[in-house]
Structures are given as structure tokens and as C-alpha cells.
**Q** 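Attaching a single structure in C-alpha cells format; questions to follow.
Count residues from 1 along the sequence.
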Amino acid sequence: MKLNLDILPLSSWLATGKEPLVIAGPCSAETEEQVVATAHLLAATGKISVLRAGIWKPRTRPGEFEGIGSIGLEWLKRAKEETGLLTATEVATAKHVEEALAAGVDILWVGARSTANPFTVQEIADALQGVDVPVLVKNPVNPDLSLWIGALERINRAGIKKLGAIHRGFSSYEKTAFRNEPMWDLAIQLKTVAPELPIINDPSHICGTRELIPYVAQKAVDLDMQGFIIESHIDPSVAWTDAKQQVTPAALADLINNLSLRKAESNDPVFEDKLAALRKEIDAIDDQIIKKVADRMKIVEKIGEYKRDNKVTILQVNRWEEIIEKRSKFAKALNLEEDFTVKLLELIHGESIRKQNQIMNAKPAVEA
């Protein structure tokens, strides 16, 4: 499946001359002094192209700081005038869109909670009709690629051709080192169905803590994401929101300087020839894997018929546990990660169950 998005290349609407693209600034606009001072420090690094700041903040519970409101737009305007940085902020309602555009905000983004609600996205899309402004769409809170795609399509159908996505990670029941699980595979799937769509990484919200940001940022670079949106505060220790995941402008500059930048392609013919040869080997192995899986499924069908004829249930937990234990040990000996092995086996097992269930419940052929 390929998405039919009518969009312009990132380089045609955000040609900054800086690599990588970095959008940075405080999680929340708190005071005029804080916004302007942070902007000056960010601009002085020479690494930042766009100043971001949250003006309206969707909070989980009432009573928490919900953003400074419209007055903060004037602070962004002043920061832009004094530093030359473009500005960006999140919008969640039609009124937000109207006020941000009236204040001259250069880039808008749709937050994760808004992306999860098609009604909210459509309201924003309707407010954008006839407007020529870049819009970035964050992934939804939950790992639902269709919701992400749907939000992008709604904004695109409103006539927004300067469109991009933001990968900020997904909520998970499992508690890990990350605030939001990266689930890189979903970002890769989006890139696969929409190769022309720029994807910007948000390591701040993925990590939840500044110490992990360099690791995630490097991984994003390695996966050919087009840039970053990173929270930066003049003094993170006193930030009103998300203090742990914000970095100082100086620390942000160091982070960018220490990235190993890579390109999607190489002009070196020797490299291309070697890469082509290695890929040919992979193609041959992939063909073998698919053939072996197909052979396995033929045996599965015979097992299904045998179980059916002997009135034995499809699922036998002891056998499944035995497979997981033995194959995981074997895979570990071959230097394969256990998590990968279990997921692969679960996929194969799921298809095996489906095939056996099909055989078990097939209606007998009616004799003529």
C-alpha cells in the first residue's frame, strides 16, 4: 500500500542550510524573558532553525499548568524578530489555528492526543482550508498506524502540501527506560507507505529524561529521519513542565555536534557494487526462509487433519512452551535477541493456529 499524498519536498519549504534540521525550544512558554532568552541562546549555537514553544498545553488533570495562552504568541513573535529563527507551536482547536496564524507563527504541529481523535483533526483541517502553512503531525498516543495516516490524510486534503510527521513514541503497558516506547517499526512502516513524507524525530518525548536523548537521536539519524524537535530550556531545573526531558541550549549544541551523520545513499560505485552483492545474498536467503515456512505450513496442515480425525484440540500449551524454550536457547546461541525470536515464533505459531482452525472447521464436501 502506498499513500497518495499531494505534498512538497521538505527542502522546498524548509531549506535552512543546516544539517540536521533541528526545531528546539522550551516545552512551555512560561514568561517573555524565558522565551526570548532561550531563543537567543539557541540561535547563538548556529545549529537551530526553528524555535518551538508550547502555548496551549493539553494536561491530563485539571489544575496543572495548561499553557500561558495567547499572550505567548507575542513572545514568539518578538523572539523571531530578534533572532531570525522561524517559530512553531502546537494547535489543538480551530481557535488555536486562527490565533497562531494571525500572530505569524511559521509552523504548526498537531499533538499526539489530537491525532488520536479524528474529530479534533478534522476541526483543525477545516480551519486550515485555504492556508499555506507547514503542518507537522505527531503520531497518536497509542500504536495505531491507521490513526497517524488518517490524520495526515485529513490535513493534506485540506490543501496543506507542506506536510510532515513527528515520531514521538507510543504509550505502552510495559514500563521501560523510555517515557514512550519508540516502536521504530511503526515509523518505518509509515516511511514505507509514504516515502516522500518527511519524518522528524522527537527524542524528548520518547525518552522522558535528557540522559537518553543522544542515544535516540543517533538511532533516528541512522534510520534516515529528516531532523529533530527537541525541548530546550534556559534552565531545565526550574521548567514548569517536563523538566527532566529538557536540555540547555549549550547541551543541545553538544548533542548535535556529537551525532554521526549518515546519508541514505552513496555515490561511490565500489560501495554500491558491494552493497548490491550483499543484498543479492539476503534476497536468496529470504527466498529460502519463505520456502521453509511454506514447507512448515504443509506439515501444520497434516497435523490439523490428524488432530481433527482424533478429536484433539488445536492449542496444546505444553508443546508451545517447549517450542519457545528450545528455539530461544538455539537462537541465543546464534546471537539472536530473545525478544526478536519470540515475536517471530509467535507470528509463525499464529498462522499455524489459523490454518489448523480452518481445517478443523471446514465443512465436509457434499457428495454428488
**Q** Please determine, by modelled atom types, if N357 and N361 share a side-chain donor-acceptor pair under 3.5 angstrom.
**A** yes

**Q** Run the side chain to side chain contact (heavy atoms under 4.5 Å, CB included) test against S171 and tell me which residues pass, sequence neighbours left out.
**A** V141, N142, N180

**Q** Taking 4.0 angstrom as the limit, do E338 and K332 come out as a salt bridge?
**A** no

**Q** Go through the steps for K343 and L347 under the test side chain to side chain contact (heavy atoms under 4.5 Å, CB included), then give the verdict.
**A** CA-CA 6 Å; K343 286 180 180 177; L347 281 173; 5.8 Å; no

**Q** Taking 4.0 angstrom as the limit, do D242 and R179 come out as a salt bridge?
**A** yes

**Q** Check L51, L86, L85 against L76 for a side chain to side chain contact (heavy atoms under 4.5 Å, CB included) and give me the one that passes.
**A** L51

**Q** Around atom NZ of K302, are there more than 12 heavy atoms of other residues, nucleotides or ligands at under 6.0 Å?
**A** no

**Q** Under 3.5 Å, side chain of S328 to main-chain N/O of E325, donor-acceptor pair present?
**A** no

**Q** Holding to side chain to side chain donor-acceptor pair (under 3.5 Å), I want the full list of residues that pass it with E305, two or more places apart in sequence or in another chain.
**A** none

**Q** Has Q129 got more than 12 heavy atoms of other residues, nucleotides or ligands less than 6.0 Å from its CD?
**A** yes

**Q** Show me, pair by pair, the donor-acceptor contacts under 3.5 angstrom made by side chains of residues 12-19, not counting sequence neighbours?
**A**
from, atom 1, to, atom 2, distance (Å)
S12, OG, P9, O, 2.7
W13, NE1, L8, O, 3.3
W13, NE1, P9, O, 3.3
T16, OG1, K18, N, 3.1
T16, OG1, S49, OG, 3.3

**Q** State whether a side-chain donor-acceptor pair under 3.5 Å links S204 with R168.
**A** no

**Q** In this structure, would M225 and L5 fall into the same cluster of hydrophobic residues linked by side-chain contacts under 4.5 Å?
**A** yes

**Q** Consider only side-chain heavy atoms of I, L, V, M, F, W and Y, link residues closer than 4.5 Å, and tell whether M297 and I353 are in one cluster.
**A** no

**Q** Do I323 and Y306 sit in the same hydrophobic cluster, where Ile, Leu, Val, Met, Phe, Trp and Tyr count as joined when their side-chain heavy atoms come under 4.5 Å apart?
**A** no

**Q** Surrounding CZ of F330 (heavy atoms of other residues, nucleotides or ligands, distance under 6.0 Å), is the total greater than 12?
**A** no

**Q** Examine the side chains of S28 and E30 and answer whether a donor and an acceptor come within less than 3.5 Å of each other.
**A** no

**Q** Could you state whether F228 and I48 fall into the same hydrophobic cluster, counting links through intermediate Ile, Leu, Val, Met, Phe, Trp or Tyr residues with side-chain heavy atoms under 4.5 angstrom apart?
**A** yes

**Q** Hey, what do you get for CD1 (I285) to CD1 (I290), rounding to the nearest 0.5 Å?
**A** 12.5 Å

**Q** Mark yes when over 12 heavy atoms from residues, nucleotides or ligands other than E337 sit less than 6.0 Å from its CD; otherwise mark no.
**A** no

**Q** If you measure from CG on L136 to CD on E90, what distance do you get to the nearest 0.5 Å?
**A** 11.5 Å

**Q** Would you give the length of the straight line joining atom CG of N139 to atom CG of D144, rounded to the nearest 0.5 angstrom?
**A** 10.5 Å

**Q** Evaluate the side chain to side chain donor-acceptor pair (under 3.5 Å) criterion for residues E211 and T209: first the C-alpha distance (whole Å), next the side-chain angles of each, then the deciding distance (0.1 Å), finally the verdict.
**A** CA-CA 6 Å; E211 288 78 13; T209 175; 2.3 Å; yes

**Q** Quick one, R210 with Q245, criterion side chain to side chain donor-acceptor pair (under 3.5 Å). Give me CA distance, side-chain angles, the key distance, then yes/no.
**A** CA-CA 5 Å; R210 64 183 66 88; Q245 67 189 40; over 6 Å; no

**Q** Report yes or no: do I213 and V50 belong to one cluster of Ile/Leu/Val/Met/Phe/Trp/Tyr joined by side chain heavy-atom distances under 4.5 Å?
**A** no

**Q** Identify the heavy atoms of V137 and W148 that sit nearest to each other, and give their distance.
**A** O-NE1, 3.2 Å

**Q** Between E322 and K326, does any NZ, NE, NH1 or NH2 come within less than 4.0 Å of an OD or OE carboxylate oxygen?
**A** yes

**Q** Is it the case that more than 12 heavy atoms not belonging to R262 sit under 6.0 Å from its CZ atom?
**A** yes

**Q** Do the side chains of K77 and E81 get close enough for a salt bridge, i.e. N-O under 4.0 angstrom?
**A** no

**Q** Under a 3.5 Å distance rule, please check whether H167 uses its side chain to pair with a backbone N or O of P182 as donor and acceptor.
**A** yes

**Q** Quick test of your reading of the model: are D106 and K80 salt-bridged, counting only N-O distances below 4.0 Å?
**A** yes

**Q** Ring-plane angle category for W56 and H96, please: parallel below 30°, perpendicular beyond 60°, tilted otherwise.
**A** parallel

**Q** May I have the step-by-step check of side chain to side chain donor-acceptor pair (under 3.5 Å) for K47 and N257, ending in yes or no?
**A** CA-CA 9 Å; K47 306 291 182 183; N257 285 333; 2.8 Å; yes

**Q** Between the side chain of S114 and the main-chain N/O of V121, is any donor-acceptor distance below 3.5 Å?
**A** no

**Q** Apply the test side chain to side chain donor-acceptor pair (under 3.5 Å) to residues T93 and E123: give CA-CA distance (whole Å), side-chain angles for both, the deciding distance (0.1 Å), then the verdict.
**A** CA-CA 7 Å; T93 68; E123 178 185 342; 4.8 Å; no

**Q** What is the ring orientation for Y215 with F178, classed by angle as parallel under 30°, tilted 30 to 60°, or perpendicular over 60°?
**A** parallel

**Q** Hey, could you give me the CD/CG distance between Q246 and D235, rounded to the nearest 0.5 Å?
**A** 10.0 Å

**Q** Measure the spacing between CD of E281 and CG of D286 and express it to the nearest 0.5 Å.
**A** 12.0 Å

**Q** Treating E231 as the side-chain partner and C27 as the backbone partner, does any N or O pair qualify as donor plus acceptor under 3.5 Å?
**A** no

**Q** Would you check, one step at a time, whether the test salt bridge (Lys or Arg N to Asp or Glu O under 4.0 Å) holds for E99 with K95?
**A** CA-CA 6 Å; E99 292 189 7; K95 190 172 185 292; 2.3 Å; yes

**Q** Please determine if K291 and D287 form a salt bridge, counting it only when a charged side-chain N lies under 4.0 Å from a carboxylate O.
**A** no

